[in-house]
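The chains referred to below are lettered A, B, ... by the order of the sequence lines, with proteins before strands, and numbering in each begins at 1. Please read these numbers as outputs of a predicted model, since none were measured by experiment. These values consider heavy atoms only, across backbone and side chains, with no hydrogens, waters or symmetry-generated copies.
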Amino acid sequence: MRREHTIADRVTSSALWRSIVRHGYPDTQRNQALVIASNVFLHLHPVKIKRYATKVTYTFCLGGLSFFMFLVLTLTGVLLMFYYVPSTDQAYTNMQEIEASVTFGMLMRNMHRYAAHGMVIAVFLHMCRVFYTGSYKPPREFNWIVGVILLVLTFLLSFTGYLLPWDQLAYWAITVGSEMAGAAPIVGEQAQFLMVGDYEIGQATLIRFYTLHVIFLPLAAALMMAVHFWRIRKDGGISGPL
Amino acid sequence: MAETIQRPSGPAGSISEEKRQRLLELVRGRTAARPTDLAEDEVMVWPSLVVVEALSAVVFTFLLLATAILINAPLAEIANPTVTPNPSKAPWYFLNLQELLLHMHPSLAGVIVPTIALVAIGAIPFIDRSPLGVGILFTSDKGKKITIFSAIYTFVLVVALILFDEFVGVTATLQGTVPEVVYQYIIPVITMLALIALLGLLIQRIFQPTRREMVMAFFTGFVVAFFVLTVVGTAFRGTGMDLFWPWDVESAH
């Protein structure tokens with residue numbers, strides 16, 4: 001039986017392809033191991049995994065979904081940034097332009113908003129799944145704490161994004177939120193001023209929220225996610241029955 | 001292609017005759033059974049796990065796209081500090097705190113309670129350190145019963161408390177007759193602590209739980225309280241933050 005010489009064969013045997021992909025088609029165990037181990041993104045995974053860990057009804061994919069939402073938010077967020085200027089004079093007009101005249105602008109905005117809701121829900125449910133399967137127990141205590149930090153970062157990411165449309169919803173939601181921070185004992189007033197950057201919500205607040213939303217918090221979340229994923233491996237992989 | 005079978009290398013005679021593998025036959029084409037070093041309960045991540053990941057990514061991409069095409073995100077009028085909407089609401093995931101705000105002092109509702117809740121959640125692995133029940137949803141049948149008991153207990157009590165405060169009203173009754181600190185701090189704190197303690201006591205009496213199961217009772221209480229407060233704050237609070245039916249509350253999100 002002679003193997004057919006298809007275009008795909010030619011491509012995969014070319015010098016360029018072989019310089020990037022250093023394994024054959026993953027239909028042998030060796031290549032299936034190599035495909036995971038020689039790819040920077042896939043090598044988050046181990047090569048082999050316990051059978052129960054692939055059961056959807058064990059994890060409900062919730063951790064993966066949280067990460068997926070984060071990726072969608074990053075992609076759509078970058079596209080939205082092309083059209084959005086964080087200025088109280090322009091922000092609202094930019095929003096209207098994104099919705100009305102930017103190609104796929106409305107779609108990008110909608111996806112960004114729903115993925116943000118989705119991420120909050122997925123992260124919270126992921127915490128519940130991890131709790132009810134007892135997956136926080138030693139040696140995974142620290143990763144549970146990293147998870148709690150990621151939950152807080154998710155709330156903050158969503159909250160800082162909420163102001164950016166600069167509409168009545170945004171303005172008053174952040175007013176309510178910042179007043180809650182202002183009610184903190186002892187440091188309340190300072191906390192509120194630090195958050196708002198002024199005595200009332202305005203340009204200073206918008207630029208603070210914008211900067212936190214597009215740079216600081218995503219980087220912080222990405223950093224904590226790197227620790228979170230790495231620790232899963234170091235703590236013996238995904239939890240399972242002993 | 002079949003796996004190539006290599007003859008044992010090394011100088012001839014280094015392997016005894018019985019142990020030497022003999023090449024019986026060479027068969028071209030795919031083999032049905034392949035040699036594997038996988039344990040009985042293991043699978044290869046490629047394809048077993050990556051397939052699940054790829055599929056769920058595709059499914060959720062389509063779900064997100066479909067939702068984004070069908071429903072437009074809200075954009076209200078331009079921000080105006082001089083026009084306060086009634087009600088003014090925080091983003092939905094903070095409406096649980098805004099709901100608490102209606103029943104106690106802002107510092108308690110907005111800062112102290114959520115901070116304590118977060119610290120308590122973070123401390124869970126240091127309170128329950130036994131390896132009992134890892135990898136098993138709800139640990140045991142008893143764990144499942146405790147979770148359901150705690151969920152019903154919390155649901156009924158949180159709803160009852162919200163209705164009590166709405167129609168009888170702790171603040172409304174006591175305002176003016178006693179110092180503010182009584183109904184803004186003391187009564188809410190005592191109520192919360194007492195109900196948490198009562199939950200622990202009931203679970204202890206009825207189920208004689210392990211520490212893991214006790215932690216499960218309290219965590220379930222937190223999740224259900226969070227859920228009820230969020231739903232009430234989002235869907236049942238209308239003008240003046242009074243209680244309404246969801247269809248009478250204008251959706252903001």
Side-chain angles (χ1 to χ4, degrees), chain A residues 1 26 29 32 35-36 45-51 54 56 61 64-65 68 72 92 95 99 106-107 109-111 113-115 120 128 131-138 141 144-145 148 155 158-159 162 165-173 175-177 180 183-185 200 239-242, chain B residues 3 28-29 34 36 38 41-46 48-49 52-53 56-57 60 64-65 67-69 71-81 84-85 88-91 93-94 97-98 106-107 110-112 118 121-122 124-126 128-129 131 133-139 212 219 223 252:
Chain A
M1 198 173 81
Q29 207 183 21
Q32 286 173 347
V35 85
I36 300 292
H45 289 308
V47 165
K48 294 178 282 186
I49 197 171
K50 296 280 186 199
R51 192 180 297 277
T54 61
V56 175
C61 296
L65 269 181
F68 168 78
V72 171
Y92 187 74
M95 291 302 294
E99 293 197 346
M106 188 85 216
L107 186 73
R109 185 193 169 209
N110 289 349
M111 276 188 83
R113 196 174 184 96
Y114 300 142
V120 172
C128 293
F131 176 82
Y132 284 114
T133 55
S135 309
Y136 56 81
K137 287 159 178 273
E141 314 98 301
W144 171 264
I145 293 179
V148 174
F155 282 141
S158 189
F159 185 66
Y162 214 87
W166 204 250
D167 63 347
Q168 280 289 73
L169 269 180
Y171 186 90
W172 290 97
T175 304
V176 172
M180 273 190 208
E200 60 177 32
S239 70
L242 296 173
Chain B
E3 303 274 317
R28 285 197 181 277
R34 289 175 203 172
T36 171
L38 279 176
D41 59 344
E42 282 178 334
V43 289
M44 293 300 285
V45 163
W46 183 295
S48 299
L49 182 60
V52 179
E53 290 173 339
S56 54
F60 276 87
L64 267 179
L65 262 174
T67 321
I69 289 168
I71 309 163
N72 282 340
L75 185 68
E77 306 86 65
I78 189 165
N80 186 349
T84 313
S88 298
K89 284 190 181 184
Y93 41 82
F94 285 156
L97 301 181
Q98 210 181 336
S107 69
V111 183
I112 298 171
L118 272 175
I121 290 171
I124 287 174
F126 303 94
D128 167 32
R129 299 186 58 79
V134 173
I136 302 159
L137 202 56
F138 304 115
T139 303
R212 156 75 174 152
F219 184 80
V223 171

Could you tell me which portion of [X] (side chain, backbone, both or neither) has an atom closer than 4.5 angstrom to a non-hydrogen atom of chain B?
| X | value |
| --- | --- |
| A:Cys128 | both |
| A:Ile49 | both |
| A:Trp144 | side chain |
| A:Ile36 | side chain |

Notebook entry, point to check: Of the backbone (N, CA, C, O) and the side chain (C-beta and beyond), which part of B:Ile71 lies under 4.5 Å from a heavy atom of chain A, both, or neither?
Noted result: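 Both the backbone and the side chain of B:Ile71 come within 4.5 Å of chain A.
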Item checked: B:Glu77 versus chain A, the contacting section by heavy-atom distance below 4.5 Å -> both
Note to self: Between A:Tyr132 and B:Phe219, is the ring centroid distance below 6.0 Å?
What the structure shows: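 Yes, they do, as the ring centres are separated by less than 6.0 Å.
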I need the minimum non-hydrogen distance between [X] and [Y], along with the two atoms involved.
| X | Y | answer |
| --- | --- | --- |
| A:Tyr92 | B:Ala76 | OH-O, 2.6 Å |
| B:Pro125 | A:Pro138 | O-CD, 4.5 Å |
| A:Ser158 | B:Tyr93 | OG-OH, 2.7 Å |
| A:Cys61 | B:Val52 | SG-CG1, 4.0 Å |
| A:Gln168 | B:Ile78 | CG-O, 3.7 Å |
| A:Tyr171 | B:Pro81 | OH-CB, 3.2 Å |

Checklist line | Parallel, tilted or perpendicular: rings of B:Phe94 and A:Phe155 (30°, 60°) | finding: tilted
If you define the side chain from C-beta out and look only at heavy atoms, does anything of [X] sit under 4.5 Å from [Y]?
| X | Y | answer |
| --- | --- | --- |
| B:Asn72 | A:Glu99 | no |
| B:Ser88 | A:Thr175 | no |
| B:Ile121 | A:Phe131 | no |
| B:Ser48 | A:Arg51 | no |
| B:Val43 | A:Lys48 | no |

Heavy-atom pairs under 4.5 Å with chain B, option from [options] with the top count:
| options | answer |
| --- | --- |
| A:Ser135, A:Pro46, A:Gly64, A:Ser239 | A:Pro46 |
| A:Pro185, A:Pro165, A:Ala170 | A:Pro185 |
| A:Leu65, A:Val72, A:Ile145, A:Val56 | A:Leu65 |
| A:Met180, A:Glu200, A:Met111, A:Lys137 | A:Lys137 |

Next item on the list: May I ask you to name which of B:Ile69, B:Ile136, B:Val223, B:Thr139 has the most heavy-atom pairs under 4.5 Å with chain A?
Entry: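 Winner by heavy-atom pair count: B:Ile136.
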Check: Could you state the interatomic distance from CD (B:Glu53) to OG1 (A:Thr54), rounded to the nearest 0.5 Å?
Finding: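 One gets 10.5 Å once the value is rounded to the nearest 0.5 Å.
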